[in-house]
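Fair warning: this is a prediction, and the values are worked out from it, not measured in the lab. Below, each value reflects all heavy atoms present in this structure, side chains not excepted, and no hydrogens, waters or symmetry copies. Naming convention: chains lettered A, B, ... in sequence-line order (proteins, then strands); numbering from 1 in each chain.
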Number of protein chains: 2
Amino acid sequence: MQTEPQGVSTKDTEAGVGTRERVVRAASRLLQRQGYEGTGIKLIAREAEATLGSVYHFFPGGKEELAVAAIRHGDREFADMLGAGLDSSDDPAVAVENCARRLATALRASGWTDGCPITATALETLGRTPRIQEACGAALRNWQEVLAVKFRDCGFGGEEADDLACTVLAALEGAEMTAQVFRSEQPLLTAGRHMAQLIRSRS
Amino acid sequence: MQTEPQGVSTKDTEAGVGTRERVVRAASRLLQRQGYEGTGIKLIAREAEATLGSVYHFFPGGKEELAVAAIRHGDREFADMLGAGLDSSDDPAVAVENCARRLATALRASGWTDGCPITATALETLGRTPRIQEACGAALRNWQEVLAVKFRDCGFGGEEADDLACTVLAALEGAEMTAQVFRSEQPLLTAGRHMAQLIRSRS
DNA sequence: CCACCACTAGAACGATCGCTCTATCAAGTG
DNA sequence: CACTTGATAGAGCGATCGTTCTAGTGGTGG
């Protein structure tokens, strides 16, 4: 049973959230910022205001199982942000550009630390931790699908929608990384503008 | 003094190369594959067939100084590959698409492990290791400049060339990461095709 | 010949890693 | 009430981390 009160409030970042959920959120944020190897389980527990015992109670598979859960969490979160951005306009070009703008704004607001939730972990564990790699692949596929659905809804053919989704997501990922390193919104905004142009030239 | 013979051969991956250079190469390859925190100095030394003493002799600043040197090495290497790809055609659109193709081929040949030499390290150390972040920023700027020069030579205006270079590099980076996770050349090839189209629509 | 120096070699240190283990606590359930 | 079960708590394990330190090697200039 949770020790903390359960129904008190649904405040997003604080108590009132079950221990397991707090641990997953902390893990997701830390993996996003410092990658898999750079994030210790003890730090995750401390950040989540949980104890090591609780972490291993919920994730008997240890760090790897926790990382998979954290990546799935980041997957859902990023998909929501992508979906919300895409809903901002019926024109797919405008919608994608708005997405890039939102990512840029959020990135600046975080002090340039919170970019894509999975890239760092994905690159670090490539080919050496299959379960994590699968979770990362599922996330990328999911985000591509969110984009592809939008493009299909806007009249693109199935294959063309998939290809466009692949490139747009890749450009946003790369631009976000560039923006983080340069501490500037410009790469994301430029990529958004170019992706809008690419979409228009194809419709 | 180096124990090994110096002028014997310039074979790229083996002996005949100074200890310092061997260490930098090993560090660069390992940082590329498993990031900064995931790569131990002792492993770098073993992989370079050097000893810990030698590593700290050449890099008294420790892991951080070695990482900076490794990133600069990856910078030069990737810039060369980019330049070689761009030289393959006078048409900038064709040249960029060839670049993507080459990256895809090289990536597959490495067993999907050797992507961008700095992304993993850059994301892991963002905002926590300024000297490494600077080296990563310099690399990205350098690669953008390689692309921008090509675009300017092909008749693009200065600002437009810079913007295109920024987006093309971001798309290639993102597509390479996607290709690694999916173990498929397709994301890189698709991004190359789309970037070619974007360039053509702007000229 | 020898003092010097660049380099090699690796033992050892404290800190931290992921993980295991036992003990305790708080609520149900009979 | 006793007993079970889910969850919390953290000490402690062996391994590895980055780093420091001393010792040794071999070629070179004086």
Side-chain angles (χ1 to χ4, degrees), chain A residues 1-8 15-27 30-31 33-71 120-121 124-125 128-129 131-132, chain B residues 1-8 15-27 30-31 33-71 120-121 124-125 128-129 131-132:
Chain A
M1 293 268 155
Q2 343 266 46
T3 313
E4 62 242 325
Q6 285 192 280
V8 186
V17 171
T19 303
R20 193 197 139 98
E21 181 71 11
R22 279 202 326 277
V23 170
V24 170
R25 291 186 193 183
L30 287 169
L31 287 187
R33 295 184 183 174
Q34 27 189 20
Y36 184 71
E37 305 286 355
T39 302
I41 287 212
K42 290 173 183 173
L43 176 63
I44 294 175
R46 199 182 319 140
E47 206 78 9
E49 300 185 82
T51 66
L52 213 49
S54 296
V55 173
Y56 278 93
H57 171 74
F58 289 111
F59 303 96
K63 194 182 186 182
E64 187 175 327
E65 185 186 344
L66 173 53
V68 169
I71 284 167
T121 303
E124 254 181 336
T125 60
R128 290 180 302 142
T129 322
R131 304 160 74 86
I132 295 182
Chain B
M1 294 272 157
Q2 342 266 47
T3 313
E4 61 242 322
Q6 284 193 279
V8 185
V17 171
T19 304
R20 194 196 139 99
E21 180 71 10
R22 280 202 325 277
V23 170
V24 170
R25 289 186 194 182
L30 286 169
L31 286 186
R33 293 184 184 174
Q34 27 189 17
Y36 184 71
E37 305 285 356
T39 303
I41 288 211
K42 289 173 185 176
L43 177 63
I44 295 175
R46 197 180 321 139
E47 206 78 10
E49 300 185 81
T51 67
L52 216 45
S54 297
V55 173
Y56 277 93
H57 170 73
F58 288 111
F59 303 96
K63 194 180 185 182
E64 187 175 327
E65 185 186 344
L66 172 54
V68 168
I71 284 167
T121 303
E124 253 182 337
T125 61
R128 289 181 302 141
T129 322
R131 304 160 73 85
I132 295 181

With heavy-atom distances below 4.5 Å as the criterion, would you say the side chains of V17(B) and R25(B) are in contact? yes
Report the distance from atom OH of Y56(A) to atom C1' of dC13(D), rounded to the nearest whole Å. 13 Å
Phosphate OP1/OP2 of dT8(D): any T19(A) side-chain N/O under 4.0 Å: yes
Provide, to the nearest angstrom, the distance between the NZ atom belonging to K42(A) and the C1' atom belonging to dG18(C). 8 Å
Between K42(B) and T51(B), is there a donor-acceptor pair closer than 3.5 Å when you use the side chain of the first and the backbone of the second? no
For atom NE2 of H57(A) and atom P of dA7(D), their distance in whole Å: 4 Å
Scan I41(A) against the nucleic acid and name what it touches under 4.0 Å (heavy atoms): base, sugar-phosphate only, or nothing. sugar-phosphate
Working to the nearest 0.5 Å, report the span between CD1 of I132(A) and CG of L66(A). 9.5 Å
Any sub-3.5 Å donor-acceptor pair from R131(B)'s side-chain atoms to V68(B)'s backbone N or O? no
Can you check the F59(B) CZ to dT20(D) P distance for me, whole Å? 16 Å
Phosphate-side-chain proximity, T51(B) and dG10(C), N/O vs OP1/OP2 below 4.0 Å: no
Just compare dC7(C), dG10(C), dG10(D) and give me whichever is closest to any side-chain atom of F58(B). dC7(C)
Checking all strands, does G53(B) fall into the base, sugar-phosphate, or nothing category for heavy-atom contacts under 4.0 angstrom? base
Can you check the I44(B) CD1 to dT19(D) P distance for me, whole Å? 10 Å
Could you state the atom-to-atom distance from CD of E64(A) to P of dC19(C) in whole Å? 9 Å
Quick one: E65(B) CD to dT19(D) C1', roughly how many Å, whole number? 14 Å
What is the separation between atom CG on L52(B) and atom P on dT20(D), rounded to the nearest whole Å? 11 Å
